[in-house]
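Worksheet: the structure to be examined is printed underneath.
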Protein chains: 2
Amino acid sequence: MPPKDFVSALEVAQRAGVSRSAVSRTFTPGASVSAETRKKVTDAAEALGYHVNELARGLMRNESGIVCLVVSDVATPYRSALLRELTSKLQNVGKVAMLINTDRSDGSVDRALSQAIRYRADASIILSGLPDASIVRLCLKNGQRLVLINRDDEEPGPLKINLDDFEAGERIVTAFARAGCRSLAFANSEAGTPSLMGREHGFVAAAKKLGLEVSVERYGWTGYEAGRVLAQRLLTRTQRPEAIFCATDLLACGFMDTARHQFGIGVPQQLCLAGFDDIDQASWSSYGLTTFAQPVAEIASKAVEWLSTSEAADNILHHSVRLTAELIWRTSIRAG
Amino acid sequence: MPPKDFVSALEVAQRAGVSRSAVSRTFTPGASVSAETRKKVTDAAEALGYHVNELARGLMRNESGIVCLVVSDVATPYRSALLRELTSKLQNVGKVAMLINTDRSDGSVDRALSQAIRYRADASIILSGLPDASIVRLCLKNGQRLVLINRDDEEPGPLKINLDDFEAGERIVTAFARAGCRSLAFANSEAGTPSLMGREHGFVAAAKKLGLEVSVERYGWTGYEAGRVLAQRLLTRTQRPEAIFCATDLLACGFMDTARHQFGIGVPQQLCLAGFDDIDQASWSSYGLTTFAQPVAEIASKAVEWLSTSEAADNILHHSVRLTAELIWRTSIRAG
DNA sequence: AACAATGTTGCAAGCGCTTGCAAAACGGGA
DNA sequence: TCCCGTTTTGCAAGCGCTTGCAACATTGTT
């Protein structure tokens, strides 16, 4: 195939007049090399255009420096924001991100993970989809670390990062109540992931506790279009809810757009609305959506921190972290 | 570090009662193995949980299967859409995507590329930022293929994928003219990339040719906030333009929002607006933005097609492809 | 029955690197 | 000056894999 005429450590060694090991050590942080040798080596390397072969290094060290990011719906605002944080933080600790897209058929998470294993990834971070328990065990057995974001799972071993979804559902109910809303609804997708359901359950529970009317509608995936459909359904009911909590911002945007443009309903005057994620669009002046912010930066930090932590510290670390979603107050809910 | 107790081909060979080479060949498409041996090997591999070590394989084959995606602003709608297409198409041809985020400081593209070299990536796809010419030569010399998307460059060797930006600028002028607009403006960012400037030049040239008034305003990056600022500037002029072409959709959304909400200007009644990219939000009913669609799927196809093409065919291939951006007609321009 | 053509298999070398080990070089007391 | 403790260096083994080569097995042909 391609020529690939890479210069090897041997060539560098010869030009520098030192041994092959010397050049290896020069490029290994913390190895013992005299300043003089190091200089000779780096000069030669520079001149020859030498670059350490991470494949070979990974082979020897049994540590590739690769972290797999397993994700579906990459093009979605929340996902891509998380991706940005993750890749940049990984780079900061000298790791490299391998992106695996699981948009397509079933079992793709498993396929992805087995690819991660083939490349001897040091770790995998699962942003979406849930791997088979056996695969999880396989990863762990093979010394691979696993991080599950917003996807609860019984299996022990992986680090699980979750939000206080249930509590967020509760909190928004009090906000709605304070705005004078008596009948509430939750607009959800049919995806049924733990975080989505957590929000739903918290919301419903709190509403009931306060004696407010509450109902749930579920449809499609968590996108803009689904939000439109949900609006159709909820806003044509004989008893129209006065406040809607959408499981995601994308849903909320679609909902708000059809409420306003198709039904001519004023938000927040006639209808209060809230979302979840705090995607960029939520702050756009067409929406001004009150929503819960996913702490993406913090999520990413926790994840890569855990990955770059040593084995020893590992054991004393909690394998589950729970972050709180901050309520960002904008204009889609009436002031009390 | 981690235990990493991987099972090797040798162990599989022993369990299957064949030679090490046999198991290697079993996992090499097109190698010569009898059905019987293959069965024995796959059974043993299954039982032991064997996974080919791509690091070692890449080392031998001098072909890692890795493709580097060099990108900044991953979280931006257009970029993430392109990323989605690219990763999924790469997976289809059996390659794996390594994501390199260049959001940060200067020289980050060069650093990224040198990382790509260290991992012996078969190719790099540059979605943003322009590498130093010397680095480009280094990549090519090292047998790495390079794809430059929307970033023209003199250097021969890489595949360059571009759109008909200039022509798009021209086309939208006639659309504006047909809508009865006599004074036009182009809202650009200060990024000054070739594609952005191409749109600008085409727009200005065509406007002048038609004898229409035209001006240009540039500010910040190509995001929503910059669009707001551009609107401030353009809409407070004594002679307000009747039609604005924004260099990107994000700019257009910001522009439209402040035109409507801050200045109370009706779009398209009092102001015609167009964008570029056709991000999801352009179709949301709050915007209904008339815009040019980036053919992301086609761009991705061309890119990975070129990467997976053989060396021989390589030479007869054009090293530059030019795709056309389709004008998506929505409601931000008055009907003629 | 002998032979050629074809297909399958194992051997062993080698990809580019790291690293334990022991030898060499160095530096500072005494 | 000599000796001992501390770097620094080179050697060589080995990481897990592929692949050219030659040996071997299988089959079909005359």
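Letters A, B, ... mirror the listed sequences (proteins, then strands); counts begin at 1.
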Inset, instruction - Please find out if less than 6.0 Å separates the ring center of A:Phe6 from that of A:Tyr50. - result: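 Here the rings of A:Tyr50 and A:Phe6 have centres that are no less than 6.0 Å from each other.
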Legend entry - Side-chain heavy atoms of B:Ile126 within contact of B:Leu113, under 4.5 Å: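 A side-chain contact exists here, since the closest heavy-atom pair is under 4.5 Å.
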Which nucleotide wins on minimum distance to the side chain of [X], given the candidates [options]?
X       : options                : result
A:Thr37 : C:dG14, D:dT8, D:dT19  : D:dT8
B:Arg61 : D:dT9, C:dG10, D:dT18  : D:dT18
B:Ser32 : C:dT8, D:dG16, C:dT18  : C:dT8
B:Ala9  : D:dC17, D:dA12, D:dG16 : D:dC17
B:Val33 : D:dT18, C:dA12, C:dT9  : C:dT9
B:Arg25 : D:dG10, C:dC11, D:dT8  : C:dC11

If the cut-off is 4.0 Å, is [X] near the phosphate of [N], judged by side-chain N/O to OP1 or OP2?
X       : N      : value
B:Ser8  : D:dG16 : no
B:Ser24 : D:dC17 : no
A:Ser34 : D:dT9  : yes
B:Tyr50 : D:dC17 : yes

Inset, instruction - Return yes if a side-chain donor-acceptor contact under 3.5 Å exists between A:Glu54 and A:Ser64, otherwise no. - result: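 A:Glu54 vs A:Ser64: no donor-acceptor pair found between side chains.
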Do any N or O atoms from the side chain of [X] and from the backbone of [Y] form a donor-acceptor pair under 3.5 angstrom?
X        : Y        : answer
A:Asn150 : A:Asn162 : no
A:Arg79  : A:Thr76  : no
A:Ser34  : A:Thr37  : yes

Legend entry - 5'-most by nearest nucleotide on DNA chain C - B:Ser19 or A:Ala56: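 Closest to the 5' end, via its nearest nucleotide, is B:Ser19.
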Once you round it to whole Å, what is the distance between [atom2] of [N] and [atom1] of [X]?
X        : N      : atom1 : atom2 : result
B:Arg57  : D:dC17 : CZ    : P     : 9 Å
B:Lys40  : C:dT9  : NZ    : C1'   : 11 Å
A:Tyr119 : D:dC15 : OH    : P     : 22 Å
A:Phe6   : C:dC15 : CZ    : C1'   : 13 Å
B:Arg38  : C:dT9  : CZ    : P     : 10 Å
B:Met60  : D:dC15 : CE    : C1'   : 13 Å
A:His51  : C:dC17 : NE2   : C1'   : 16 Å
A:Asn62  : C:dT19 : CG    : P     : 11 Å

Legend entry - Sugar-phosphate, base or nothing in reach of B:Phe27, heavy atoms under 4.0 Å: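 Counting heavy atoms under 4.0 Å across all strands, no contact is made by B:Phe27.
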Legend entry - Check: A:Ser21 side chain, D:dC11 base, donor-acceptor under 3.5 Å: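 Answer yes: a donor N or O sits under 3.5 Å from an acceptor.
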